[in-house]
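Beneath this line is the structure, given in structure tokens, with notes to follow.
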Amino acid sequence: MQTVLVTGASGGIGTRLRKLMKGLYPDIRWSDLTPPAGLSPDERFIKADLAVMDEVERAVQGVQGIVHLGGFSVEGPWATILNANIIGCYNLFEAARRAKVERIVFASSNHAVGFYPRQHTIGIDAPVRPDSRYGVSKAFGEALAALYAYKHGLRVTSIRIGNVADAPVDKRRLSIWIAPQDLVQLIRIGLEHPDIRCEIFYGASDNARAWWDNSTAFRFGYRPQARAEDHAAEALAADAKLPADRIDEWYQGGPFCSDEFDGGIKRSPV
Ligand code: 15L
């Protein structure tokens with residue numbers, strides 16, 4: 001892997017990756033709508049609006065691998081999700097195919113499956129249950145990944161990222177937290193492992209309270225180093241200060257499920 005493009009370079013995860021991926025690949029191109037803060041002279045930036053195919057095509061030229069973090073990273077109005085995450089993701093995969101990019105690591109999200117109750121442990125074979133328009137866009141990205149892998153031969157890994165932070169900040173995050181270094185480990189598997197075809201991993205650290213069966217990632221050699229339980233006391237203390245919310249606390253997607261919820265808890269799937 002000589003040249004790697006990372007989209008969404010100016011966002012929260014991109015900013016962390018710029019430090020952690022330094023020197024991992026000979027040529028890393030960082031892309032976004034605006035340059036990341038503190039870009040150093042040895043870092044290469046390419047401006048690209050994901051919703052504009054010409055700009056995406058320019059960004060992927062000569063690249064072997066892409067880490068696609070770009071797009072809108074929370075729930076938003078339909079027009080925003082449509083442009084940034086649906087059209088943007090299509091443009092990225094299609095431009096990658098045209099430019100003969102070998103591999104894509106797609107930043108999917110736990111919100112593609114957010115409407116599973118917390119009492120369920122789900123693997124990657126559970127049907128998607130998005131909890132938001134944002135979650136739908138991540139399920140769409142996973143579907144694009146399968147199309148471009150099986151029809152066009154790209155090697156694609158979708159990582160259903162939980163929550164990237166230095167430590168889990170509340171009870172829900174104790175189950176879904178991923179430390180930045182563990183995320184880098186998963187990304188490297190996606191970019192380098194010889195047997196990748198079309199995989200889905202859960203982006204979670206070694207979390208004793210996990211709701212996800214991450215055995216596929218473990219089979220590819222993932223060995224998370226960070227343990228959520230080491231931060232349990234602080235996370236539970238912070239959680240005690242949050243307002244009680246039945247929907248939020250029932251489902252894995254938390255506030256993304258309770259936001260705009262008018263389905264009636266009794267009629268909702270368990
Ligand atoms: C996500 O997918 C978001 O990008 C992030 O901002 C967090 O809200 C995270 O999920 C989460 O579920 O905590």
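As the structure is a computational prediction, the values presented were derived from the model and not from experiment. Counting starts at 1 for both ligands and their atoms, following the listed order. All residue numbers in this chain count up from 1 along the given sequence.
Checking each of Glu142, Arg160, His68 against Ser108 for a side-chain hydrogen bond (donor to acceptor under 3.5 Å, both in side chains) leaves exactly one that passes, namely Glu142.
In this structure the side chain of Asp32 never reaches within 4.5 angstrom of the side chain of Lys47, judged on heavy atoms. Contact of the Ser109 side chain with the Tyr134 side chain is registered, since non-hydrogen atoms from C-beta on lie closer than 4.5 Å.
Taking a cutoff of 4.0 Å between a charged side-chain nitrogen and a carboxylate oxygen, Arg118 and Asp248 qualify as a salt bridge. Residues Arg44 and Asp27 are paired through a salt bridge, judged by an N-O separation under 4.0 Å between the basic side chain and the carboxylate.
Every residue was checked against the side chain to side chain donor-acceptor pair (under 3.5 Å) condition with Asp239, not counting sequence neighbours, and none meets it.
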Which pairs of nitrogen or oxygen atoms, taken one from ligand 1 and one from the protein, are under 3.5 angstrom apart?
residue: ligand 1; atom: 2 (O); partner: Ser109; partner atom: OG; Å: 2.8
residue: ligand 1; atom: 2 (O); partner: Tyr134; partner atom: OH; Å: 2.7
residue: ligand 1; atom: 4 (O); partner: Ser73; partner atom: O; Å: 2.6
residue: ligand 1; atom: 4 (O); partner: Tyr134; partner atom: OH; Å: 3.2
residue: ligand 1; atom: 10 (O); partner: His111; partner atom: NE2; Å: 3.0
residue: ligand 1; atom: 12 (O); partner: Asn110; partner atom: ND2; Å: 3.2
residue: ligand 1; atom: 12 (O); partner: His111; partner atom: NE2; Å: 2.7
residue: ligand 1; atom: 12 (O); partner: Arg172; partner atom: NH1; Å: 3.4
residue: ligand 1; atom: 12 (O); partner: Arg172; partner atom: NH2; Å: 2.6
residue: ligand 1; atom: 13 (O); partner: Asn163; partner atom: ND2; Å: 3.3
residue: ligand 1; atom: 13 (O); partner: Arg172; partner atom: NH1; Å: 3.3
residue: ligand 1; atom: 13 (O); partner: Arg173; partner atom: NE; Å: 2.8
residue: ligand 1; atom: 13 (O); partner: Arg173; partner atom: NH2; Å: 3.2

